[in-house]
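I have placed the structure first, in the form of structure tokens, so that the comments after it can refer back to it.
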Amino acid sequence: IAALSKQLSLAGNLAKEENYELPAVIDGQMTSVNVRFRKDAQTQERSTVAVFAELSGGEKITAELKLRGESISGYVGCDSREKVAQLEAKCADFIQNILSETGKSADINVVYSTEVKAYETLKEAGKPVRSASDLNKTDKSEGVQGRLSSAKELYQTAKAFIAMLEDMA
């Protein structure tokens with residue numbers, strides 16, 4: 001019974017999250033960017049995207065962005081003051097890209113912290129991580145247009161964030 005309970009718990013957690021590892025060229029180096037989409041427990045719609053990248057110089061950048069109604073809010077954190085300055089300089093363009101891609105307004109704060117850590121990825125937990133090609137596949141089990149719309153908006157937001165990181169050189 002305990003093993004069955006663990007399996008059901010794992011299946012439930014997998015249904016609440018989608019994790020991807022995407023390659024990106026940041027600061028002239030190939031970097032793995034981890035992207036996690038989470039669903040709201042009550043509505044079962046994708047409502048949060050978290051992004052983490054560790055750069056070749058050891059700097060860590062993380063973002064957590066939430067979709068609520070007609071706006072996207074959240075933060076971008078980094079453990080390097082130099083990178084924080086670069087992120088702040090690019091943030092207005094990032095917010096404009098969110099607006100043009102999703103039609104949503106955005107309130108994004110850039111913060112410096114020495115405690116920037118990766119979220120616990122499914123890979124670290126011994127669970128499968130989806131590949132970049134899975135991002136282009138439509139989830140056939142979601143028949144509700146609102147769910148597909150929120151997913152598309154979060155994917156576009158993650159894409160805009162990764163593009164901002166790639167453009168930081």
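Just so we're clear, the structure is a prediction, and the values are computed from it rather than from any experiment.
Tyr75 and Phe37 fall into different hydrophobic clusters, where Ile, Leu, Val, Met, Phe, Trp and Tyr residues are linked whenever their side-chain heavy atoms come under 4.5 Å apart, directly or through other members. When the side chains of ILVMFWY residues are joined at heavy-atom separations under 4.5 Å, either directly or via intervening members, Val110 and Met168 end up in a single hydrophobic cluster. Ile95 and Leu65 fall within a single hydrophobic cluster, where Ile, Leu, Val, Met, Phe, Trp and Tyr are joined by side-chain heavy atoms under 4.5 Å apart, directly or via other members.
One distance of note links CG of Asp79 with NZ of Lys60; it measures 5.5 Å at 0.5 Å rounding. Between Ser71 atom OG and Leu99 atom CG the span is 11.5 Å, to the nearest 0.5 Å. Between the CD atom in Glu88 and the CZ atom in Arg81 there is a gap of 10.5 Å [rounded to 0.5 Å]. Atom NZ of Lys66 and atom OG of Ser73 lie 7.5 Å apart (nearest 0.5 Å). Distance check, rounded to the nearest 0.5 Å: SG of Cys91 to CE of Met164 gives 6.5 Å. The distance from the CD1 atom of Ile98 to the CG atom of Leu67 is 10.5 Å, given to the nearest 0.5 Å.
No side-chain heavy atom of Tyr112 sits less than 4.5 Å from a side-chain heavy atom of Leu87. A 4.5 Å side-chain heavy-atom check between Val33 and Ile26 finds at least one atom pair inside the cut-off. Contact annotation: the side chain of Val51 never approaches that of Asn34 to less than 4.5 Å [non-hydrogen atoms, C-beta and beyond].
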| query | Going through the checks in order, is the side chain to side chain contact (heavy atoms under 4.5 Å, CB included) test met by Lys83 and Leu165? | reply | CA-CA 10 Å; Lys83 294 292 182 202; Leu165 293 179; over 6 Å; no
- For Phe94 and Ile108, what are the C-alpha separation, side-chain angles and deciding distance, and is it a side chain to side chain contact (heavy atoms under 4.5 Å, CB included)? CA-CA 9 Å; Phe94 173 51; Ile108 312 293; 4.2 Å; yes
| query | Stepwise, does the side chain to side chain contact (heavy atoms under 4.5 Å, CB included) test hold for Val76 with Thr62? | reply | CA-CA 6 Å; Val76 175; Thr62 189; over 6 Å; no
| query | Does the pair Leu22 and Ser32 meet the rule for a side chain to side chain contact (heavy atoms under 4.5 Å, CB included), with working shown? | reply | CA-CA 6 Å; Leu22 305 171; Ser32 176; over 6 Å; no
- Start with the C-alpha distance between Arg38 and Glu64, add both sets of side-chain angles, then the distance that settles salt bridge (charged side-chain N to carboxylate O under 4.0 Å, His left out), and finish with yes or no. CA-CA 11 Å; Arg38 284 180 282 192; Glu64 182 148 337; 2.9 Å; yes
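Not one N or O on the side chain of Thr157 forms a donor-acceptor pair closer than 3.5 Å with the backbone of Ile72. A donor-acceptor pair is defined here as one N or O able to donate and one able to accept, closer than 3.5 Å; such a pair exists between the side chain of Lys104 and the backbone of Gly69. Judged by distance alone, the side chain of Thr31 and the main-chain N or O of Gln29 form a donor-acceptor pair under 3.5 Å.
Donor-acceptor pairing under 3.5 Å is lacking for the side chains of Gln156 and Thr102. For the residue pair Tyr155/Glu18, the side-chain donor-acceptor check at 3.5 Å is satisfied.
Of all the heavy atoms in Leu154 and Thr48, the pair that sits closest is CD1-N, 3.7 Å. Of all the heavy atoms in Ser80 and Glu59, the pair that sits closest is CB-CG, 3.6 Å.
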